Amino acid sequence: MQQASQATVILGGGFAGLFTALHLSQRNYSHPIILIEQRDRFSFKPLLYELLSGELHSAQVYPRYNELLASSSVTFVQDTVKSIHLEQSQVTVASGRIFNYRNLVLALGSKTTYFNTPGAAEYAMPFTSGEQAIALRKHLRHRLHQAIQTSDPARRRLLLTVAIIGAGPAGIELACTLADLLPIWYDELGGDAAEIRVVLINRNKEILKGDVNSHLRCTAQRALKGRIIPVDFLFDAAVSKIQADGVEYQQNNKTQILQAGTIAWTAGTAANPLLMNLPVANNRGRLLVTPTLQLPDFPEVFAAGDCAADSDQPQPPTAQVAYQQGIAIAQNIQRQREGKSPIPVEIKMRGTLMKLGLNEGVANLFNKVQIPGQPGHLIREATYLQLLPNAAHNRKITTEWLTDELFQRHRPASYMQLGQTPWLPGVATLAAGVIFATPLVWRAAQPMQFQQNLHWTGVPTLLNQLAPPAR
Amino acid sequence: MKYLLNLRVAITVNRITIGFFFFLSGIANYLNFNVANGFYQTVITQKLQIIGPGIPPGWEGVGPLPWLIAIPYAWLLPLAEILLGALFALNYWVRWTGLLLILMTFSIILAFGIIPAGTLFPNGAESFNKNILFMTLIWICIAYDAYEQKMSRRRTEAMANYAVNNAMDDM
Ligand SMILES: Cc1cc2nc3c(=O)[nH]c(=O)nc-3n(C[C@H](O)[C@H](O)[C@H](O)COP(=O)(O)OP(=O)(O)OC[C@H]3O[C@@H](n4cnc5c(N)ncnc54)[C@H](O)[C@@H]3O)c2cc1C
């Protein structure tokens with residue numbers, strides 16, 4: 001047991017937990033590292049839309065922990081944490097195993113909450129993991145197949161309507177993706193893409209309210225309306241009940257129902273219940289930590305990501321913050337073991353990125369410059385692919401993605417279907433055209449000089465042969 | 001045959017043909033820029049007219065364009081043909097490049113007469129460009145007809161599948 005008590009135990013293999021584990025391992029940390037996670041695969045959440053649409057595949061954004069951790073010294077335990085005993089430095093998992101630790105990292109993230117809306121847990125589809133993204137893809141495909149086989153227009157309308165609840169970043173990104181993707185999928189089945197309907201339902205009038213992306217509101221609103229099928233807005237609508245085939249909501253003091261064959265839920269997250277029972281301070285379920293990411297009363301315990309908050313320097317619950325905190329925790333744990341004092345974490349916010357449809361995005365760099373459209377999409381995808389954990393995995397995926405972008409493989413829809421132009425090749429063609437035209441213009445403007453200067457290349461002779469003889 | 005009756009192939013070939021013709025036309029205009037009655041002279045002296053050059057007296061039209069417009073127009077038009085032709089052929093920003101190509105063509109039609117001497121109407125006189133464009137445009141119509149038929153067949157097939165799979169397929 002002596003060995004085990006030296007262990008660093010990390011709970012949760014999301015951005016915060018996984019990056020802590022990988023960076024500890026990369027630092028040649030000499031003590032055992034144990035990562036406990038309930039799932040067998042890591043979900044790269046910002047790129048789940050690409051998993052849904054098929055722009056990126058499972059191996060890229062939903063890889064197995066065993067593969068990610070293969071060349072590291074991390075021991076992966078697939079199990080569900082049942083209880084945490086900070087006083088005894090012990091963690092118990094569902095299989096009954098008990099882990100003693102010397103250092104503990106709490107990185108359990110948050111969970112979807114349905115705000116006690118009746119029917120939501122049964123009928124609405126959440127969208128927070130690779131598994132859920134794949135389930136949503138299957139469900140949507142199934143609905144389109146059913147619709148193409150249905151001759152009753154009312155039933156077809158229901159099957160082809162997707163309701164997305166919550167106009168935060170996830171709801172908007174999902175709506176934009178589906179409003180481009182579903183028309184193409186349905187068209188490929190031989191259906192009339194104009195029958196697809198994507199409805200974004202929000203409790204208040206504003207989208208992205210209170211989010212780090214709130215200043216992208218106008219860009220997002222424009223993008224929602226500019227999809228292959230413009231997204232419908234149902235705002236100021238409080239969802240009161242979810243049924244198998246519809247959403248009941250209150251608007252202007254009236255109860256109404258939107259019939260929809262697919263209902264996706266992106267409306268809320270709540271604290272992980274395990275953490276609520278710990279004898280430490282929290283702010284709406286997020287554990288309060290010091291600037292070094294330690295629990296004030298338990299300096300051997302670190303917490304990061306969506307489940308932690310530093311009250312002096314609150315950070316938004318994003319992947320960008322979580323992975324930087326993970327790296328910082330790895331550094332601080334090592335310092336602690338070397339007898340040095342941990343250092344406060346500095347989070348660098350590089351701006352925000354949003355997906356606004358297939359092949360369209362917005363990069364908001366340092367909260368100053370907005371780069372929309374295809375360049376925004378390329379920046380977004382390149383940035384996230386750089387973040388994929390594990391350098392070898394990362395390089396392979398980035399290369400794959402680059403070749404995919406260049407050769408347009410694995411794409412759910414071609415540029416032609418989207419009526420778009422790949423930005424880089426387009427500009428390259430323009431440049432090539434100008435270069436190509438330059439000798440022609442030169443010849444037309446100053447024939448003698450052109451003849452003399454370029455005689456050695458043979459180009460003037462060639463052009464003279466092509467030109468008709470002087471009349 | 002499958003390939004020939006594919007809508008996307010037909011449209012692609014059309015687009016490339018048209019784009020390539022503009023591209024070539026741009027090159028040819030620069031090559032013929034300074035020759036007597038060449039491109040430059042034509043643009044500088046040509047009038048906007050309803051009936052093409054040659055007929056009848058009194059119908060020569062208005063113009064020519066003032067030098068301030070005519071000179072940049074003459075120098076930039078072939079470049080625009082080369083760039084827009086290439087972009088159009090390669091399927092880049094087709095809506096915009098196509099619109100500009102149409103405007104350009106329209107300006108040329110105006111300059112050479114809406115009803116030219118060579119004539120828009122069939123009169124036995126050959127026009128190579130016109131015939132090529134007719135051929136590719138007709139192909140679009142044929143391929144589209146094939147596409148419509150395919151889609152209606154698919155729908156019928158899907159309806160038939162439904163009857164078989166309906167019971168076991170529901171999630
Ligand atoms: C659809 C979507 C899109 C997003 N897009 C962006 C974006 O574009 N940019 C951005 O910066 N952020 C984005 N985010 C937010 C970002 O993904 C989160 O902030 C980030 O994942 C938080 O990391 P974390 O490690 O704290 O938690 P998580 O990534 O949630 O990881 C927590 C882990 O703990 C595990 N776990 C939970 N309970 C237990 C238990 N009892 N036992 C064992 N394991 C357990 C979970 O399975 C999970 O793997 C997005 C989120 C979603 C859902």
Side-chain angles (χ1 to χ4, degrees), chain A residues 135 138-151 187-192 244 261-262 374 414-417 419-448 450 462-471, chain B residues 7-8 11-12 15 19 22-24 26-41 74-76 78-97 147-148 150-166 169-171:
Chain A
K138 280 194 184 143
H139 176 86
L140 287 164
R141 284 248 181 226
H142 183 68
R143 286 293 188 237
L144 296 185
H145 273 100
Q146 285 178 312
I148 195 78
Q149 295 160 350
T150 307
S151 48
D187 185 65
E188 280 169 0
L189 292 176
D192 176 3
T262 305
Q374 275 178 38
S414 69
Y415 287 113
M416 194 156 163
Q417 280 168 296
Q420 290 176 346
T421 294
W423 190 78
L424 270 179
V427 173
T429 306
L430 268 180
V434 171
I435 293 170
F436 179 83
T438 307
L440 294 168
V441 177
W442 189 5
R443 180 180 178 275
Q446 290 175 317
M448 298 306 290
F450 176 74
L462 180 75
L463 293 183
N464 287 344
Q465 278 168 6
L466 288 176
R471 271 168 280 181
Chain B
L7 183 66
R8 187 168 293 175
I11 290 181
T12 306
R15 212 190 49 240
F22 274 98
F23 184 76
L24 280 188
I27 296 175
N29 283 339
Y30 275 137
L31 290 179
N32 292 324
F33 206 77
N34 291 319
V35 298
N37 291 322
F39 180 75
Y40 189 68
Q41 206 182 346
W75 282 99
L76 291 180
L79 180 66
E81 283 182 310
I82 291 175
L83 295 182
L84 296 174
L87 289 175
F88 191 76
L90 292 174
N91 198 20
Y92 293 163
W93 297 294
V94 165
R95 250 175 269 182
W96 296 105
T97 47
Y147 172 77
E148 287 267 273
K150 187 174 83 186
M151 284 302 147
S152 108
R153 257 200 318 276
R154 270 207 202 162
R155 266 177 224 123
T156 326
E157 258 169 42
M159 297 281 284
N161 283 345
Y162 184 55
V164 182
N165 296 333
N166 190 18
D169 213 24
D170 237 56
M171 286 212 308

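A note on names: the letters A, B, ... follow the listed sequences, proteins ahead of strands, and every chain is numbered from 1. Nothing here was measured: the structure is a model prediction, and the numbers come from that model.
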A.B. asks: When rounded to the nearest 0.5 angstrom, what distance separates CG in Leu424(A) from OG1 in Thr429(A)?
C.D. replies: 10.5 Å
A.B. asks: Looking at side-chain heavy atoms only, is the closest gap between His142(A) and Gln146(A) below 4.5 Å?
C.D. replies: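 Yes - at least one pair of side-chain heavy atoms lies under 4.5 Å apart.
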A.B. asks: Check whether Tyr30(B) gets within reach of chain A through its side chain, its backbone, both or neither, counting any heavy atom under 4.5 Å.
C.D. replies: both
A.B. asks: With only heavy atoms counted, which part of Ala432(A) is less than 4.5 Å from chain B, the side chain, the backbone, both or neither?
C.D. replies: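 Neither the backbone nor the side chain of Ala432(A) comes within 4.5 Å of chain B.
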A.B. asks: Give a yes or no on whether the backbone of Leu189(A) and the side-chain of His145(A) come within a donor-acceptor separation of less than 3.5 Å.
C.D. replies: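 It does not hold such a pair.
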A.B. asks: Do you know which of Ile82(B), Leu79(B), Leu87(B) has the most heavy-atom pairs with chain A at a distance under 4.5 angstrom?
C.D. replies: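 Ranked by contacts with chain A, first place is Leu87(B).
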A.B. asks: Please flag which part of Phe39(B) lies under 4.5 Å from any non-hydrogen atom of chain A: side chain, backbone, both or neither.
C.D. replies: neither
A.B. asks: Counting only heavy atoms closer than 4.5 Å, note whether Leu84(B) contacts chain A via side chain, backbone, both or neither.
C.D. replies: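 When you check distances to chain A, no heavy atom of Leu84(B) falls under 4.5 Å.
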A.B. asks: Measure the shortest side-chain to side-chain distance between Leu440(A) and Pro78(B) over non-hydrogen atoms and say whether it is less than 4.5 angstrom.
C.D. replies: no
A.B. asks: For the pair Arg15(B) (side chain) and Leu90(B) (backbone), establish whether a donor and an acceptor sit closer than 3.5 Å, ignoring hydrogens and angles.
C.D. replies: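 No, Arg15(B) side chain to Leu90(B) backbone: no donor-acceptor pair under 3.5 Å.
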